[in-house]
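To keep things clear, I will list the structure first and then write my remarks on it.
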Amino acid sequence: MGVLSAPTSPQKTHVLNSVILTVSILSALGAGWIILSFLLFKPLRSFRHQLILGLATSDFWMAINFLSSSAVNLSGHNIGSPEMKTFCSFNGFNIQVFVVQTDYWVLVIAVCTYLILANHRHQSNWIQDHKAVVWGLPWFLSILWAAIGLGMVGYGDIGAWCWFTSDRTRLLVNFIPRWLIIITILALYIRLYFIIHKAHNRFMSFDEDAIGSLQTGSSAMNMSSSAEEDCERRGQVAPRHARIGRASPVLKRISYQMMTYPLVYMLIWTIPTTIRIYQATTGKSAPFAIGTVDKSCIVIQGFADALVYGFNENTWLQWRGVFRRGNSGSDENK
């Protein structure tokens, strides 16, 4: 058996599954909260929020699959037993789909953010006019790779869910492509930072009145200066440099907001990647406690994205407004 095989001790298996069940519930609730916020609040439905919705959907179904496998184990069944082979293959396939799909979603978020904020007019207009294509790509690619994995290698029990049982396979199939995506994302954001920073410094040296004379409308950029619709307006009146120079504080804020998702993603995957490298190169299993943290990091993505979402989008204010209106209505009825 590979180093990722399930713990041999029933006690350790119980502890691991209890931890994963708890973390997966938190993750599902967090991702569900993002989805519910999108459905309830109109200000949270701009193009960038639609991209975040795609990430949250993947987080939610990934958490549900983690929850189901750990719940089955805790119920007294063993997902690694021969009679559970069909369930294990189904569980492993779905987890591979949604784990890989989150990789593609953070890449899509980064690419779309770069194209729009860097004022690539044609490309940014195209992606906003072809949302079905943007949404379809992560689903198509993730299902394709999961099906290939099922057919060529198969999925087995790794303790709390089913996945590739070989560290080398996971390292080659999942972790190396994932870090190539992360490096690509970092390169895009570094490039975007210098574009906005350069434009900001250039136009800060001019007199404010001179800059104002270049403005011919209140919406003079591809991105709206409104915090609610900053990814969907496409005013194209003022010159390119005037647009970016004038709006650079807004663009900086938006770029920082969107950058937090891939940065959090990178931090989450640091521990699992380190352990995969260690186990693949040494042939030794990581200590049980570290292995549990490793698996928890993979499961917690939905909860982490929900924290970032609540902080970035001021979602707490939207919900607080709902509760305040509810309280004021109940007070009036008294």
Side-chain angles (χ1 to χ4, degrees), residues 1-8 10 12-14 16-32 35 54-105 135-175 177-178 269 272 276 291-292 294-303:
M1 298 178 67
V3 295
L4 280 178
S5 58
T8 55
K12 289 182 178 180
T13 300
H14 182 82
L16 173 63
N17 280 275
S18 298
V19 171
I20 296 304
L21 180 67
T22 302
V23 176
S24 61
I25 290 173
L26 288 175
S27 197
L29 290 174
I35 296 170
L55 177 61
T57 302
S58 298
D59 285 337
F60 178 80
W61 288 113
M62 181 170 61
I64 291 299
N65 279 279
F66 288 132
L67 190 155
S68 63
S69 58
S70 57
V72 168
N73 275 337
L74 290 172
S75 68
H77 297 85
N78 181 3
I79 61 174
S81 62
E83 58 268 22
M84 297 293 290
K85 181 175 176 57
T86 301
F87 174 85
C88 188
S89 295
F90 179 77
N91 178 251
F93 174 82
N94 280 292
I95 286 177
Q96 178 66 10
V97 166
F98 293 112
V99 169
V100 172
Q101 194 172 115
T102 56
D103 293 341
Y104 293 131
W105 273 117
W135 260 75
L137 277 175
W139 282 88
F140 171 76
L141 293 174
S142 60
I143 292 174
L144 174 64
W145 289 118
I148 293 174
L150 178 63
M152 296 187 65
V153 181
Y155 303 106
D157 178 26
I158 65 168
W161 67 84
C162 293
W163 213 358
F164 298 121
T165 57
S166 167
D167 277 293
R168 294 182 186 274
T169 301
R170 287 182 65 193
L171 196 60
L172 293 173
V173 174
N174 286 342
F175 286 83
R178 178 170 296 118
W269 281 103
R276 294 292 78 69
T292 302
D294 160 33
K295 293 179 173 67
S296 298
C297 287
I298 299 172
V299 179
I300 205 170
Q301 292 178 57
F303 182 72

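Between Trp105 and Trp135, the ring centre distance stays below 6.0 Å.
For the atom pair CG of Leu67 and CG of Asn17, the computed distance is 11.0 Å after rounding to the nearest 0.5 Å. Note: Thr13 OG1 to Asn78 CG = 8.0 Å, rounded to the nearest 0.5 Å. Here the CD1 atom belonging to Ile64 is positioned 11.0 Å from the CE atom belonging to Met62, to the nearest 0.5 angstrom. The CD atom of Gln96 sits 9.5 Å away from the CZ atom of Phe93 when rounded to the nearest 0.5 Å. From Ile298, atom CD1 reaches atom OG of Ser24 across 13.0 Å, with rounding to the nearest 0.5 Å. Separating the CH2 atom in Trp139 from the OG1 atom in Thr57 is a distance of 7.0 Å, to the nearest 0.5 Å.
Of all non-hydrogen atoms in Gly80 and Asp157, the two that sit nearest each other are CA-CB, 3.6 Å. The two residues Ser18 and Leu74 come nearest to each other via the heavy atoms OG-CD2, 3.8 Å. The minimum heavy-atom distance between Pro272 and Cys297, with the atom names listed, is CG-CB, 3.9 Å. Pairing each heavy atom of Ser27 with each of Ala63, the nearest pair is CB-CB, 3.9 Å.
Taking the side chain as every heavy atom from C-beta outward, Cys162 and Ile95 never approach each other to under 4.5 Å. Under the 4.5 Å side-chain criterion, counting only non-hydrogen atoms from C-beta, Tyr104 is in contact with Val100. Counting heavy atoms from C-beta on, the side chains of Trp269 and Gln301 come closer than 4.5 Å. Contact check for Phe90 versus Asn94: side-chain heavy atoms found under the 4.5 Å cut-off. Between Asn174 and Arg276 there is no side-chain heavy-atom pair separated by less than 4.5 Å.
For Asn91 (side chain) and Asn65 (main-chain N/O), a donor-acceptor pair under 3.5 Å exists by modelled atom type. Ser58 contributes no side-chain N or O that, together with a main-chain N or O of Thr102, makes up a donor-acceptor pair within less than 3.5 Å. For Asn73 (side chain) and Gly159 (main-chain N/O), a donor-acceptor pair under 3.5 Å exists by modelled atom type.
Between Phe164 and Tyr155, the angle of the ring planes lies from 30° to 60°, which puts this pair in the tilted group.
Here the rule is side chain to side chain contact (heavy atoms under 4.5 Å, CB included) with Lys295, and of Val19, Ile158, Ile300 only Ile158 fits it.
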